[in-house]
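A quick write-up on the structure given underneath.
We count ligands from 1, going down the list as the structure has it; atoms in each ligand are counted the same way. Worth saying up front: this structure is predicted, and the values here are computed from it rather than measured. Here, residue 1 is the first one in the sequence, and each next residue gets the next number.
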Amino acid sequence: MDAGLVSTQMELSAALRRVASLAESALDSLLPPEEGAEARLATAMRYATLGGGKRMRAFLVMEGAALFSVAEACAARVAASIEMLHAYSLVHDDLPAMDDDDLRRGKPSTHKAFDEATAILAGDALQARAFEVLAEPDTHSDPLARCELVAALAAAAGARGMAGGQMIDMLAEGRTLDGPAVTRLQALKTGRLIQFSAEAGAILGRAPPMQRHLLAAYGRDLGAAFQIADDLLDAEGSPEEMGKRTGKDQAAGKATMVAVLGVARARQQADMLARQAAGHLDGFDERAALLRALASFVVARRT
Ligand code: IPE
Ligand code: IPE
Ligand code: MG
Ligand code: MG
Ligand code: MG
C-alpha cells in the first residue's frame with residue numbers, strides 16, 4: 001500500500017472513532033430514561049443500541065452532512081436516528097423466528113439478555129423513536145427538510161426497503177436464488193438504509209438534486225459491497241472479531257452472494273462495487289476523501 005493510502009486509512013480509523021463517540025453521546029441523550037413501570041423497555045433499548053457497533057451509518061450521515069457544512073449537532077441527531085433504526089433491525093433479525101442468533105456485538109442478543117417479548121417491543125420503540133427524533137425541531141429549522149428526512153427513512157425501512165428485503169431473505173431460506181434476485185434482496189434489506197445514511201447530509205444541507213443523486217448512488221453501491229462483505233465474513237470470519245456467530249448462512253440455507261458466486265467471485269464483486277461507489281464521489285474533491293476511503297474499508301474489514 002502506498003504511503004498516501006495508509007495515511008488516509010489511518011485518518012479514516014480516527015474519524016470513525018470520533019463519530020462513534022459522538023453517536024454514543026447523542027444516542028444516550030435521545031434514548032428514553034429508564035424510569036417508570038415501563039423502565040425495562042428503556043433498559044432493553046439502551047442495551048441494544050449503546051456500547052457497540054461500527055457506527056458506519058452514523059459516519060455516513062456525519063461525513064455527508066459535512067460536505068454541505070451542516071451544523072454537527074443537527075447531523076448527530078440524524079446519525080442517532082439511523083443507528084436506532086438499524087439497532088431495531090438487528091434486534092428483530094436475531095429473534096428465534098428470524099435468524100435465531102444468540103450473540104450480537106460481542107454480547108448476548110437482546111432477546112437472550114431480556115426475553116422475546118421485551119426484544120420485540122424494544123425494536124418497535126427504537127423504530128418509533130428514530131422517526132420522532134427526525135421530526136423534532138432541533139433536527140432542522142425547516143419543517144420541510146424534517147418531513148423529507150422522515151419520508152426518506154420510512155421508504156428505506158419499509159415494505160420496499162429493509163423490511164421487504166428481510167421478507168425476501170426469510171422466503172429464500174433453503175431455496176436457490178439467482179444473482180439478480182440476491183442483488184435485489186440485498187439492495188432492499190441492507191442497501192436502502194445505507195443509501196438513506198449517505199443521502200441524509202444532502203437533505204439536511206438542502207443540496208442541489210445532482211449532488212444528492214451522486215451520494216445516493218454511492219450509498220447504493222457501498223451498501224451492496226457492504227452486504228457481500230458481511231456474507232464473506234459469515235463464511236470466513238471469526239466470531240471473536242465479528243462479535244456475532246459465523247458460518248450460519250450456509251447452515252440456514254441463506255440466499256447470499258457467496259452461495260451464488262462462491263467466495264472468490266463474491267470478493268471480486270464486492271471490490272468492484274466498492275470502486276464503483278467511490279467513483280460516484282469523484283466530483284466532490286478532497287472533502288469526500290474519507291467517504292471514498294470508507295468504500296475500501298468496508299470490503300477489507302474483519303469486523
Ligand atoms: C450488520 O450491520 C447487519 C447488516 C446489514 C449486514 P453492521 O455490520 O453495520 O452492524 P454493526 O452496527 O457494526 O453492529
Ligand atoms: C441483516 O442481514 C440485515 C438486516 C436488515 C438486519 P444479516 O442477517 O446477514 O445480518 P447479520 O449477519 O445477522 O448481522
Ligand atoms: Mg438476517
Ligand atoms: Mg442475521
Ligand atoms: Mg450476515
Side-chain angles (χ1 to χ4, degrees), residues 48-49 52-58 60 82-112 116 119-120 122-124 126-127 130 153-175 177 181-197 219-220 222-260 263 266 270 298-299 301-303:
T49 315
K54 291 176 287 298
R55 306 297 192 203
M56 184 191 73
R57 294 158 190 79
L60 287 168
I82 183 67
E83 288 292 338
M84 284 185 214
L85 199 300
H86 168 58
Y88 131 66
S89 80
L90 298 177
V91 171
H92 283 195
D93 182 73
D94 288 338
L95 286 169
M98 295 193 72
D99 288 354
D100 192 13
D101 268 309
D102 57 8
L103 187 69
R104 173 66 65 182
R105 295 177 169 173
K107 56 188 194 182
S109 306
T110 306
H111 68 273
K112 281 283 168 190
E116 277 181 49
I120 292 167
D124 294 341
L126 280 169
Q127 167 158 228
L153 183 59
R160 306 284 282 179
M162 184 274 291
Q166 290 284 68
M167 183 77 259
I168 305 171
D169 182 280
M170 289 296 133
L171 292 170
E173 268 187 22
R175 291 178 39 221
L177 296 193
V182 173
T183 298
R184 176 155 189 273
L185 182 181
Q186 301 195 330
L188 295 185
K189 84 166 179 176
T190 305
R192 293 290 281 104
L193 288 182
I194 291 180
Q195 181 192 326
F196 168 82
S197 311
R220 270 194 298 279
L222 184 79
F226 182 86
Q227 183 60 50
I228 298 175
D230 183 79
D231 296 347
L232 283 160
L233 285 163
D234 183 88
E236 300 188 305
S238 77
E240 292 74 26
E241 282 177 298
M242 293 292 286
K244 60 187 185 185
R245 305 256 177 252
T246 55
K248 290 212 54 181
D249 289 344
Q250 197 183 4
K254 287 285 191 187
T256 67
M257 219 40 115
V258 173
V260 173
V263 162
V298 301
V299 289
R301 68 199 168 98
R302 305 279 315 153
T303 63

May I ask which of Thr190, Leu103, Asp230, Leu233 has a heavy atom nearer to atom 9 (O) of ligand 2 than the others do? Asp230
Using a 4.0 Å cutoff against the non-hydrogen atoms of Lys244, which atoms of ligand 2 qualify? 11 (P), 12 (O), 14 (O)
Let's test this: below 2.8 Å, count the protein N/O/S atoms around the Mg ion (ligand 4). 2
For Thr303 against Leu233, the heavy-atom pair lying closest together: O-CD1, 4.1 Å
For atom 3 (C) of ligand 2, which candidate among Lys189, Met242, Gln186, Met162 provides the closest heavy atom? Lys189
Inspect the contact between Arg245 and Asp102 and indicate whether a charged nitrogen and a carboxylate oxygen are less than 4.0 angstrom apart. yes
Between Asp94 and Arg104 (salt bridge meaning N to carboxylate O under 4.0 Å), is one present in this structure? yes
Compute the minimum heavy-atom distance from Lys248 to ligand 2 and say whether it is under 4.0 Å. no
Heavy-atom distances under 4.0 Å are what count here, so tell me which part of His86 touches ligand 2: side chain, backbone, both or neither. neither
Examine the proximity of ligand 2 to Gln166 and report which part, side chain or backbone, both or neither, has a heavy atom under 4.0 Å away. side chain
Closest to atom 1 (C) of ligand 2 among protein heavy atoms sits Asp93 OD1, 3.7 Å
Would you mind checking if Asp101 and Lys248 are paired as a salt bridge, meaning a charged N to carboxylate O distance below 4.0 Å? yes
Any salt bridge linking Asp234 with Lys244? Criterion: basic side-chain nitrogen under 4.0 Å from a carboxylate oxygen. no
Just checking, Arg57 and Phe196: is the charged tip under 6.0 Å from the six-membered ring centre and within 45° of the axis? no
Could you establish whether Asp99 and ligand 2 come within less than 4.0 Å of each other, counting only heavy atoms on the residue side? yes
Crowding at NZ, Lys112 (>12 non-hydrogen neighbours, <6.0 Å): no
Is it true that, when you exclude Glu236 itself, more than 12 heavy atoms of the residues, nucleotides or ligands shown sit nearer than 6.0 Å to its CD? yes
Backbone or side-chain N or O of Arg104 under 3.5 Å from ligand 2 N or O: yes
So which bit of Asp231 gets within less than 4.0 Å of ligand 2, heavy atoms only: side chain, backbone, both or neither? neither
Asp169 and Gln186 side chains, donor-acceptor separation under 3.5 Å: no
Among Leu153, Leu60, Ile194, which residue satisfies the side chain to side chain contact (heavy atoms under 4.5 Å, CB included) criterion with Ile82? Leu153
Quick one: look up the protein heavy atom nearest atom 6 (C) of ligand 2 and list residue, atom name and how far away it is. Ser89 OG, 3.4 Å
Expected output: side-chain Arg192 to main-chain Gly158 donor-acceptor under 3.5 Å: no
More than 12 heavy atoms of other residues, nucleotides or ligands under 6.0 Å from CZ of Arg184: yes or no? no
Against ligand 2, does Lys254 come closer than 4.0 Å with any heavy atom? no
